[in-house]
Amino acid sequence: MVRAAERAGRPPRTSVWLEDRAPRGGGRGGGGQPSGLDRDRITAATVRLLDAEGLTKFSMRRLAAELNVTAMSVYWYVDTKDDLLELALDAAFGEIRPPDPEPHPDPEPHPDPEPHQGSDPEPHQGPDPKPGPEPGPEPRRSADPDPGPDPGPGPGPGPGPAPASADWREELRALARAYRALLVRHPWLSSLAGTFLNIGPHAVAFQLAVQRVVRRTGLRTAGQAGALSAVFQFVYGFGTIEGHFVRRCAAAGMSQDDYHRRAMSAVTREPGLREAVRDSADLRQARADGTVEEIRDRDFAFALELLIAGIETMVRRGE
C-alpha cells in the first residue's frame, strides 16, 4: 500500500479516477496479494454496508470484517477510505441505465446574444447532478471530465430510462425518476455526491445523458445549464429528504404512514406549532387521499411537470 512518506511533496488527491495506480508489488512483511479479493468484490461489499448501516458507521475495519479479511488486505486495492467511497458512489450510479446516444433531429437552439465589446462572455458550465450495487471498473484517467457543481428517485429500481428515440420530455421524466429512486435506495449517496467530484464512468454517463436531453429542448445554450440545475437539483433535494425519511421510519420499526400519523399528532399538540398546522390545513386536506408514498409520488410528478412546462415556456419566449 502507499505510505504517507511516498506522498510527500505530491499535490493533494482530487479523485480516485484521476490517479494512475501501478499494480501492487509485495505486501507488508513480504506477503503476497490476498487471494479471493478484487476491487469489484470490495466495492460491492462497501455499497451493501453503506445501505445497511449508513455512512457514519462505515470503516475499513468494518468492511474487512464483512469480507472476512484483515484491514491491511483491503489496502491492496485502494489507497484510502475516500477512494473506496468514490468507487461505491460510481457503482451506485451504474444502476441507472441512460438512453443510448442515438442521433436526434434536434431543434435549433436560440442563438445567444453577442457579448458587449470589452466584456467577457459568461462561460458555459455543465451541471453535475448528483445525482445492490453494480461494481465499478478499475479507476482510470478521465478525459476532460466536466465535474461542474456536484449537488447533490418512488423507491425501487423500476424500469430504466426511455429509449433515445423518445420525446425529450419523456426522457427527462425517466432520468429524473431514476435519479430520485437511486437517492432513495441509497441515502448515503447524496452526501458523497456533494463531497467528491463524481467523475466515475457511470456518473459521467448519466451526466452526459441529461445534457443530451436538455440540448434537444430548443433552449438557448446559455440557458441549458440553468435548466439542468432546476430539474436535477430539485430531484436531488426531493430524493435526499425522501431517502432520509424512509430510513428513519425503518429505524423506528414503523411504516411510513404510521410514522407520519404519529409525528403529526405530536406536532398538533405543540402550542408553538398550532398556527402553522392550522394555516396549512387546506394543503393537507387536498393531499389527504392516499398513502404517504402515493402522496409523495403525486407531488414529485406535479413538480416535475411544472419544471418541464417552464422549459417549454422559456423556449417559446426565445430565452
Side-chain angles (χ1 to χ4, degrees), residues 15 55 85-86 89-90 92-99 109 122-131 145-155 158 161-162 168-200 202-247 295-315 319:
S15 170
L55 186 58
L85 292 176
E86 273 197 272
L89 173 63
D90 194 66
F93 267 95
E95 297 172 19
I96 296 179
R97 301 186 301 278
E122 181 180 355
H124 170 63
Q125 183 177 2
D128 197 356
K130 293 297 161 206
D146 177 21
D150 246 289
W168 69 262
R169 298 162 189 81
E170 285 304 313
E171 287 190 25
L172 191 63
R173 292 182 187 105
L175 287 166
R177 288 193 295 264
Y179 188 34
R180 174 193 171 199
L182 187 71
L183 291 161
V184 174
R185 286 195 302 275
H186 307 297
W188 48 269
L189 186 142
S190 59
S191 177
L192 295 186
T195 299
F196 298 114
L197 287 180
N198 204 13
I199 55 173
H202 294 123
V204 169
F206 176 70
Q207 294 160 23
L208 292 176
V210 298
Q211 289 173 15
R212 284 193 297 266
V213 171
V214 172
R215 287 193 182 103
R216 292 166 46 217
T217 61
L219 283 169
R220 279 181 11 199
T221 304
Q224 291 174 9
L228 282 169
S229 295
V231 174
F232 286 94
Q233 290 191 32
F234 150 68
V235 178
Y236 175 84
F238 195 103
T240 296
I241 294 173
E242 180 179 4
H244 289 323
F245 178 75
V246 170
R247 188 175 184 87
I295 292 169
R296 199 165 50 224
D297 286 346
R298 289 199 301 266
D299 287 348
F300 180 84
F302 186 79
L304 185 57
E305 291 308 304
L306 285 178
L307 291 166
I308 291 174
I311 292 174
E312 293 172 330
T313 299
M314 297 299 279
V315 170
E319 298 187 15

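The figures that follow rest on heavy atoms only: side chains count, while hydrogens, waters and symmetry mates do not.
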### Query
So which of L307, L228, I311 actually passes side chain to side chain contact (heavy atoms under 4.5 Å, CB included) with L172?
I311
### Query
What's the shortest heavy-atom distance between V315 and G218, and which atoms?
CG2-C, 3.9 Å
### Query
Can you tell if the side chain of E305 reaches within under 4.5 Å of the side chain of R173, non-hydrogen atoms only?
yes
### Summary
Of all heavy-atom pairs linking A193 and N198, the shortest is CB-ND2, 4.2 Å
### Message
Tell me every residue that passes side chain to side chain contact (heavy atoms under 4.5 Å, CB included) with I241, counting only those two or more places apart in sequence or in another chain.
### Response
none
### Residue pair P99 / L175, side-chain heavy-atom distance below 4.5 Å
yes
### Query
Is there a donor-acceptor contact under 3.5 Å from the side chain of Q224 to the main chain of L219?
yes
## Note on the structure
Hits for ring pair (Phe, Tyr, Trp, His ring centres under 6.0 Å) against F234, two or more places apart or cross-chain, chain-then-number order -> F238, F300
### Task
For side-chain contact (heavy atoms from CB on, under 4.5 Å), just list the numbers for V184 and R296, CA-CA rounded to whole Å, side-chain angles, deciding distance to a tenth of an Å, and then say yes or no.
CA-CA 12 Å; V184 174; R296 199 165 50 224; over 6 Å; no
### Summary
The side chain to side chain contact (heavy atoms under 4.5 Å, CB included) partners of E312 (sequence neighbours excluded) come to W168, R169, I308, A309, R316
### Task
Measure across R247 and P187 and return the closest heavy-atom pair with its distance rounded to 0.1 Å.
CD-CG, 4.2 Å
### Message
If you compare all heavy atoms of P98 against all heavy atoms of A209, which two are closest, and at what distance to 0.1 Å?
### Response
CB-CB, 3.6 Å
#### Entry: Gap separating the NE2 atom of H244 from the OG atom of S191, nearest 0.5 angstrom
7.5 Å
#### Entry: L192 side chain near H186 side chain, heavy-atom distance below 4.5 Å
no
### Task
Kindly compute the distance separating OG1 (T217) from CD (E171), expressed to the nearest 0.5 Å.
12.0 Å
### Message
Looking at every non-hydrogen atom in both residues, tell me the closest pair between I96 and L182 and how far apart they are.
### Response
CD1-CD2, 3.8 Å
### Query
Hey, what do you get for CG (L183) to CG (L189), rounding to the nearest 0.5 Å?
5.5 Å
### Query
Partners of S15 by side-chain hydrogen bond (donor to acceptor under 3.5 Å, both in side chains), sequence neighbours excluded?
E86
